[in-house]
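Working notes, structure below.
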Amino acid sequence: MIKRPRRTRRNATIRRMVRETALSVDDLIYPLFVKHGRGEREPIASMVGHYRVSIDELVKEAQEVWSLGIPAMILFGIPEHKDEMGSEAYSRDGVVQQAVAAVKERIPELLLITDVCLCQYTDHGHCGIIKDGQALSHAEAGADFVAPSDMMDGRVRAIRETLESEGFKDTGILSYAVKYASSFYGPFREAADSAPKFGDRKSYQMDTANAREAIKEALLDVEEGADIIMVKPALSYLDIIYQIRSSIELPVAAYSVSGEYAMVKAADQEGWIEGEKLMMEMLLSIKRAGADLILTYFAKEAALIIRDHEEL
Ligand code: PBG
């Protein structure tokens, strides 16, 4: 007769063997907000555990991220001055361009992705009039991937052509191909102070009711030369991730956005849910749906759990 505790242990082993999906640190991409100054770590109220950091602090973050085994970071710049044209976005000494160069100097292996969008840089908070020069200035600073996030048609091809003609063939394009007009971005807009000052983004972001349109957008960006296709947000769009995964050959990334993070953190602080377990369940579901890569504010916490083989 096998005693109960042993059977339980054996069952855990079997579960481990037949598990269909595994989350790996290799799948994670950590988003960070970078600003001017020195020694700055300004907490973001709606995103507990996240900060707007100056470049010297960003380098420390990058070292931590790399030591946890996380292969990549995506950087969002908070400019000193916003103006109508978003001029800091494409200036050689813009905050993101300097940040990329500083991190690359210390940890060249850490993959850096930069957001190519104007909403953080303009005084009106809208995304459009994308400047290819912004993508080019990021590539020149050493970014491995540029991530156009404005959802304007044709911008992947325009960026691809600019990069090729300027000798940056190896700079990849992570396209925010499928980006919904979602209320899950609330905390990010506080973090980047990028809420539109008039109107909304419904004319260039997708209607949350549409799935077929998502496939169309993804195929268009594949056609235009994207290297990775991203779906954003993640949690409410698992069906979209699943469908995109089965429609294209390129790697699929899912962006688990600020609102997804903030909800878990807030409920955890109230003691209403078990935050770590919920975090792992969410990330695993995104993987199970078909995402190859996950951009998540939980990346460091999840990496620690994965590293320690904690079964949550
Ligand atoms: C636009 C951009 C946004 C996010 C990433 N890139 C904001 C928006 O579309 O309003 C949101 C990410 C998040 O909520 O975590 N530059």
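Any value given below was found using the heavy atoms of this structure, including those in side chains, with hydrogens, waters and symmetry copies removed. When a ligand or atom number is given, it counts from 1 through the structure's own listing order.
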Contacts of Glu274 meeting salt bridge (Lys or Arg N to Asp or Glu O under 4.0 Å) (sequence neighbours excluded), chain-then-number -> Lys277
Numbering as shown, the atoms of ligand 1 that approach Tyr255 to under 4.0 Å (heavy-atom distance):
12 (C), 15 (O)
Check Asp56 with Arg41, please: is the shortest side-chain N to carboxylate O separation under 4.0 Å?
no
Quiz item: cation-pi between Lys232 and Tyr185, 6.0 Å / 45°:
yes
Identity of the nearest option to atom 15 (O) of ligand 1, non-hydrogen atoms only, from Phe76, Tyr185, Tyr180, Tyr297
Tyr297
Taking Glu217 first and then Lys179, would you say they form a salt bridge - that is, a charged N and a carboxylate O separated by under 4.0 Å?
no
Lys232 heavy atoms within 4.0 Å reach ligand 1 at atoms 2 (C), 3 (C), 4 (C), 5 (C), 6 (N), 9 (O), 11 (C), 12 (C)
Could you see if Leu32 belongs to whatever hydrophobic cluster contains Val48? Use Ile, Leu, Val, Met, Phe, Trp, Tyr and a side-chain cutoff under 4.5 Å.
no
Record the part of Ser258 in heavy-atom contact with ligand 1 below 4.0 Å; permitted values are side chain, backbone, both and neither.
both
I need the atoms of ligand 1 closer than 4.0 Å to a non-hydrogen atom of Gln205, numbered in the order shown.
9 (O)
At less than 4.0 angstrom from any non-hydrogen atom of Tyr176, what atoms of ligand 1 do you find?
5 (C), 6 (N)
Taking only residues two or more places apart in sequence, or in another chain, which ones meet Tyr51 in a ring pair (Phe, Tyr, Trp, His ring centres under 6.0 Å)?
none
Only heavy atoms of Asp115, strictly under 4.0 Å: list the atoms of ligand 1 that pass.
6 (N), 16 (N)
